[in-house]
Amino acid sequence: MKHSRIKDLLQQETIKESQVNIKGWVKTARHSKDFSFLDISDGSCFSDMQVVASQNLENYKTDISRLKTGCSVSVHGNLVESPGKEQKYEIQATQIDVLGWVDEDYPLQKKRHSFEFLRTIAHLRGRTNTLGAMLRVRNAAARAIHNFFQEKGFIYLHAPIITASDCEGAGQMFRVSVLDAKNPPLTENGNVDFSKDFFGKQAFLTVSGQLEGETAALALSNIYTFGPTFRAENSNTARHVAEFWMIEPEMAFCDLSGNMEMAESFLKYIAKSVWQSCPDDLQFFQKMINPDLFKNLENIIDQPFARVTYTEAIDILLKSQKTFEYPIAWGSDMQSEHERYLTEEVFKKPVIVTDYPKEIKAFYMYLNDDGKTVRGMDVLVPKTGEVIGGSQREDRIDVLRKRMEEMHLSQEAYWWYLDLRRYGSVPHSGFGMGFERFILFITGIQNIREAIPFPRVPGYAEF
RNA sequence: UCCCCGAUAGCUCAAUCGGUAGAGCGGAUGGCUGUUAACCAUUAGGUUAUAGGUUCAAGUCCUGUUCGGGGAGCCA
């Protein structure tokens with residue numbers, strides 16, 4: 001007999017087949033003289049399956065009464081309605097086979113552990129309520145993202161992970177090299193000779209697939225990427241990891257307002273979809289981590305996002321009675337405290353800020369007619385801050401060249417990017433969303449190290 | 001990288017003014033007829049992160065280092 005997923009058994013309105021087999025791990029075991037209660041988890045859903053085992057089972061004394069947290073078992077028995085209050089169904093076991101015992105030093109207990117401790121056992125932490133729920137939510141979110149774009153006819157583009165251009169412009173990069181670190185080949189003037197390296201030049205891990213995404217959008221109209229990205233920045237915060245996943249749609253024939261509409265419906269769709277597919281997991285996060293979770297989700301799903309230009313936002317901040325640690329003025333980038341004031345106190349919902357001064361944004365953003373601002377947009381959400389950043393791209397070759405000059409960027413290195421503006425250039429826009437940032441937002445988890453299975457941060461790359 | 005705070009049993013935490021390192025959970029052993037982080041009893045478990053210093057005496061005071069937390073910068 002093929003074994004059943006606990007999720008499928010518990011979801012039934014009525015019991016269809018009473019003879020069942022489940023396989024999983026003991027979450028808790030409560031033994032008494034003549035029988036035991038075992039809560040079994042197979043990770044398919046938040047809930048465990050309660051198994052009742054009586055002393056009549058032949059291996060009761062030898063095996064079953066010795067089961068404890070972490071043991072793996074296969075249980076055959078009758079699925080029945082449970083007289084207990086905490087679960088709908090339970091299994092009256094007719095046979096329990098122990099698949100794997102646990103050593104005495106099994107670190108997980110049936111009580112709350114600190115996240116800091118769980119990080120030191122990241123290979124086991126998926127068995128806890130919180131991290132298990134996170135992994136299921138992550139999966140549901142990833143599926144929703146693909147569904148959203150696929151339903152709209154977007155093409156999934158696999159942007160390269162290794163890039164030879166050192167100029168993607170989004171931060172410090174990790175070098176990819178096969179040269180002997182102790183004794184690298186040198187050029188005549190004493191520098192490392194990367195022409196002898198694997199790719200014949202310097203290579204790095206990607207920090208963004210956007211530029212490659214633009215090339216595909218100018219061939220296929222609408223594309224998205226969803227892949228790993230890497231930043232070698234020495235940031236030690238609850239919102240940064242060195243390896244994270246990013247979603248970057250790019251749309252031809254699309255201006256900033258189309259971009260905003262897409263970003264907003266994108267966030268609404270994923271939030272709704274995760275809520276529908278993981279209600280128990282989100283319920284748990286609401287109960288244990290963030291009491292405002294459902295309120296925030298309703299906020300994002302039902303309410304239209306607020307939209308303000310950067311100039312208007314600065315105006316609001318200047319006119320507010322609040323005193324900020326960092327004073328704000330037109331032309332300076334908004335600090336965390338300013339973003340939080342806008343999302344949490346002024347609008348109390350997600351806010352899209354647009355049309356930033358060109359000095360504080362990337363070279364590829366479309367220059368407005370005022371000559372001072374660019375068509376960039378940031379989607380800010382309460383607490384988490386920026387989850388999406390995007391822009392209409394500069395599609396006029398002369399303007400783009402001038403901007404690159406101003407920012408001292410090598411036009412030679414970007415030759416293929418500039419080509420897009422020479423051969424059938426079209427207005428196009430796109431945005432990027434950090435996947436783990438979204439997981440933080442939708443679960444209420446506070447540290448990004450708990451939003452990814454195996455976090456990589458400065459000084460730490462275990463497992 | 002900067003500022004602030006912290007590190008005591010496997011885990012979560014106590015330890016008064018500088019004066020004998022404790023509890024709960026987990027583990028082991030035993031008990032218990034429907035439990036829900038079950039309950040009851042017994043028991044083992046410590047170089048107080050690390051290296052120095054002050055003192056008759058340091059978990060406690062001082063300095064360096066490592067790691068962690070909160071905030072900031074950079075950003076997603």
Side-chain angles (χ1 to χ4, degrees), chain A residues 27-39 47-56 65-66 68-70 80 82-87 90 92 102-121 124 128-129 168-172 206-210 228-248 288 324-326 332-340 360-362 378-381 384-390 431-441 446-449 451-452 457-460 462:
Chain A
K27 201 84 159 263
T28 74
R30 298 179 290 278
H31 302 290
S32 55
K33 190 180 167 194
D34 298 326
F35 56 89
S36 300
F37 291 99
L38 307 172
D39 291 341
S47 304
D48 305 324
M49 175 66 81
Q50 174 162 288
V51 170
V52 188
S54 90
Q55 61 167 346
N56 299 328
S65 67
R66 291 170 48 222
K68 55 179 196 165
T69 305
V80 297
S82 173
K85 283 189 178 147
E86 305 282 319
Q87 59 280 320
E90 67 185 22
Q92 301 280 350
V102 298
D103 290 354
E104 282 173 21
D105 58 356
Y106 186 64
L108 290 173
Q109 301 179 20
K110 353 173 201 190
K111 66 161 197 174
R112 214 189 120 93
H113 289 291
S114 67
F115 288 130
E116 293 80 19
F117 171 66
L118 291 176
R119 265 175 233 153
T120 68
I121 49 167
L124 300 172
T128 63
N129 285 337
E168 288 177 353
Q172 291 291 312
T206 183
V207 293
S208 162
Q210 182 198 315
T229 40
F230 308 87
R231 305 276 167 93
E233 259 136 27
N234 188 16
S235 13
N236 285 290
T237 80
R239 289 180 197 77
H240 293 84
V241 273
E243 176 186 288
F244 63 100
W245 288 67
M246 191 149 65
I247 298 97
E248 295 179 289
M288 300 300 286
F324 296 105
E325 193 181 336
Y326 293 87
S332 67
D333 213 350
M334 280 192 276
Q335 311 285 326
S336 299
E337 55 173 342
H338 304 128
E339 297 182 350
R340 293 187 63 152
I360 60 174
K361 287 292 177 185
D378 284 351
V379 181
L380 312 176
V381 296
T384 309
E386 183 185 338
V387 287
I388 283 180
F431 59 85
M433 182 180 83
F435 188 50
E436 286 73 18
R437 290 268 175 95
F438 178 78
I439 299 299
L440 291 184
F441 170 72
Q446 284 168 12
N447 197 310
I448 200 165
R449 293 169 175 87
I452 188 167
V457 294
Y460 189 84
E462 294 303 310

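Just so it is clear: chains get the letters A, B, ... in the order the sequence lines come, proteins before strands, and each one is counted from 1.
- Between A:N236 and B:U1, a side-chain N or O to OP1/OP2 separation shorter than 4.0 Å is absent.
- The C1' atoms of B:U42 and B:A7 are separated by 33 Å, rounded to the nearest whole Å.
- Nucleotides B:G18 and B:C56 have their C1' atoms positioned 12 Å apart, rounded to a whole Å.
- Using atom C1' as the reference point in both B:U8 and B:A49, the two lie 10 Å apart (nearest Å).
- Closest to the side chain of A:S32, out of B:C75, B:A38, B:G70, is B:A38.
- Using a 4.0 Å heavy-atom criterion, one finds that A:E90 contacts the bases of the nucleic acid, with or without backbone contacts as well.
- Atom CD of A:Q87 has more than 12 heavy atoms from other residues, nucleotides or ligands within 6.0 Å.
- Between the side chain of A:Q50 and the base of B:U35, a donor-acceptor pair under 3.5 Å is found.
- A:Q55 places its CD atom 13 Å from the P atom of B:G31, with the value rounded to the nearest Å.
- With A:S235 contributing its side chain and A:T237 its backbone, the two residues share no donor-acceptor pair below 3.5 Å.
- Of all nucleotides present, only B:G6 satisfies the Watson-Crick or G-U wobble test against B:C67, with each distance under 3.5 Å.
- Between A:K110 and B:A37 there is no side-chain polar atom (N or O) within less than 4.0 angstrom of OP1 or OP2.
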*Could you give me the CA-CA distance, side-chain angles and deciding distance for A:K27 and A:N129, then say whether side chain to side chain contact (heavy atoms under 4.5 Å, CB included) is met?*
CA-CA 10 Å; A:K27 201 84 159 263; A:N129 285 337; 3.0 Å; yes
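- The side chain of A:R30 lies closest to B:A38 when the candidates are B:A38, B:C32, B:G34.
- Among the protein residues, A:S114 comes within range of the sugar-phosphate backbone only, with heavy atoms under 4.0 Å from sugar or phosphate atoms but none that close to a base.
- Summarising the base pairing, B:C61 is matched to B:G53 through a Watson-Crick or G-U wobble pair whose two defining distances lie under 3.5 Å.
- Residue A:N234 is the one, among A:N234 and A:G389, whose nearest nucleotide of RNA chain B lies closer to the 5' end (criterion: closest heavy atom).
- For B:C17, the glycosidic angle deviates from 0 by 90° or less, giving a syn base.
- Here the P atom of nucleotide B:G69 and the OH atom of A:Y460 are 11 Å apart, to the nearest Å.
- Rounded to an integer number of Å, the gap from A:N447 CG to B:G71 C1' is 13 Å.
- The separation of B:U48 from B:U36, taken at their C1' atoms, amounts to 37 Å, rounded to a whole angstrom.
- Residue contacts shown for A:D105 are absent, as no nucleic acid heavy atom lies under 4.0 Å away.
- Using a 4.0 Å heavy-atom cutoff across all strands shown, A:S336 reaches sugar-phosphate atoms only and no base atom.
- One P atom belongs to B:A37, the other to B:G45, and the distance between them is 32 Å to the nearest Å.
- Looking only at side-chain heavy atoms (C-beta outward), A:Q172 and A:N234 stay at 4.5 Å or farther from each other.
- Considering only side-chain atoms of A:E104, the nucleotide from B:C11, B:G27, B:U33 that sits closest is B:G27.
- Between the P atom of B:U35 and the CG atom of A:D48 lies a distance of 18 Å, rounded to the nearest Å.
- B:U50 and B:G68 have their C1' atoms separated by 15 Å, given to the nearest Å.
- The NZ-C1' distance, from A:K33 to B:G34, rounds to 16 Å in whole Å.
- Using the Watson-Crick or G-U wobble rule with both distances under 3.5 Å, B:U36 pairs with nothing in any strand shown.
- Put simply, CD on A:E116 is 11 Å from C1' on B:G70, counting in whole angstrom units.
- One can place OH of A:Y106 at 16 Å from C1' of B:C25, the figure rounded to the nearest angstrom.
- Base-pair partner of B:A72: B:U1 (Watson-Crick or G-U wobble, both distances under 3.5 Å).
- Considering only side-chain N and O atoms, A:K68 lies under 4.0 angstrom from the phosphate OP1 or OP2 of B:A28.
- Between the side chain of A:E436 and the main chain of A:I452, no donor-acceptor pair closer than 3.5 Å is present.
- Minimum interatomic distance between A:A451 and A:I439 (heavy atoms only, all atoms of both residues): CB-CG2, 3.8 Å.
- When both pairing distances are held under 3.5 Å, B:U20 makes no Watson-Crick or G-U pair with any nucleotide shown.
- Which of B:G69, B:G24, B:U36 sits closest to the side chain of A:R449 comes down to B:G69.
- Formation of a donor-acceptor pair under 3.5 Å by the A:T69 side chain with backbone atoms of A:T28 is not found in this model.
- Considering only side-chain atoms of A:A238, the nucleotide from B:G70, B:G69, B:C25 that sits closest is B:G70.
- Proximity of a side-chain donor or acceptor of A:S54 to a complementary backbone N or O of A:F35 within less than 3.5 Å is not detected.
- Among the nucleotides B:G27, B:G10, B:G34, the one closest to any side-chain atom of A:P83 is B:G34.
- For the pair A:K111 NZ and B:A38 P, the interatomic distance rounds to 13 Å; values are reported in whole Å.
- In the set B:C11, B:U33, B:G68, B:C11 carries the atom at the smallest distance from any side-chain atom of A:F117.
- Rounded to a whole angstrom, the distance from the C1' atom of B:C61 to that of B:A23 is 27 Å.
- Across all strands, A:V387 comes closer than 4.0 Å only to sugar-phosphate atoms, never to a base (heavy-atom distances).
- Within 3.5 Å, a donor on the side chain of A:Q92 pairs with an acceptor on the base of B:G34, or the reverse.
- Comparing the same atom, P, in B:A21 and in B:G59 gives a spacing of 8 Å after rounding to whole Å.
- The residue A:E86 sits close to a base: some heavy atom pair falls under 4.0 Å.
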Exercise for the section: Take A:D39 and A:R30 through the test side chain to side chain contact (heavy atoms under 4.5 Å, CB included) and record every step on the way to the result. Expected result: CA-CA 9 Å; A:D39 291 341; A:R30 298 179 290 278; 3.2 Å; yes
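- Picking from B:U12, B:G69, B:C74 the nucleotide with the shortest atom distance to the side chain of A:H240 gives B:C74.
- Nearest-nucleotide assignment on RNA chain B puts the 5′-proximal partner with A:R112, out of A:E337 and A:R112.
- Residue A:T28 places no side-chain N or O under 4.0 Å from the OP1 or OP2 atom of B:U36.
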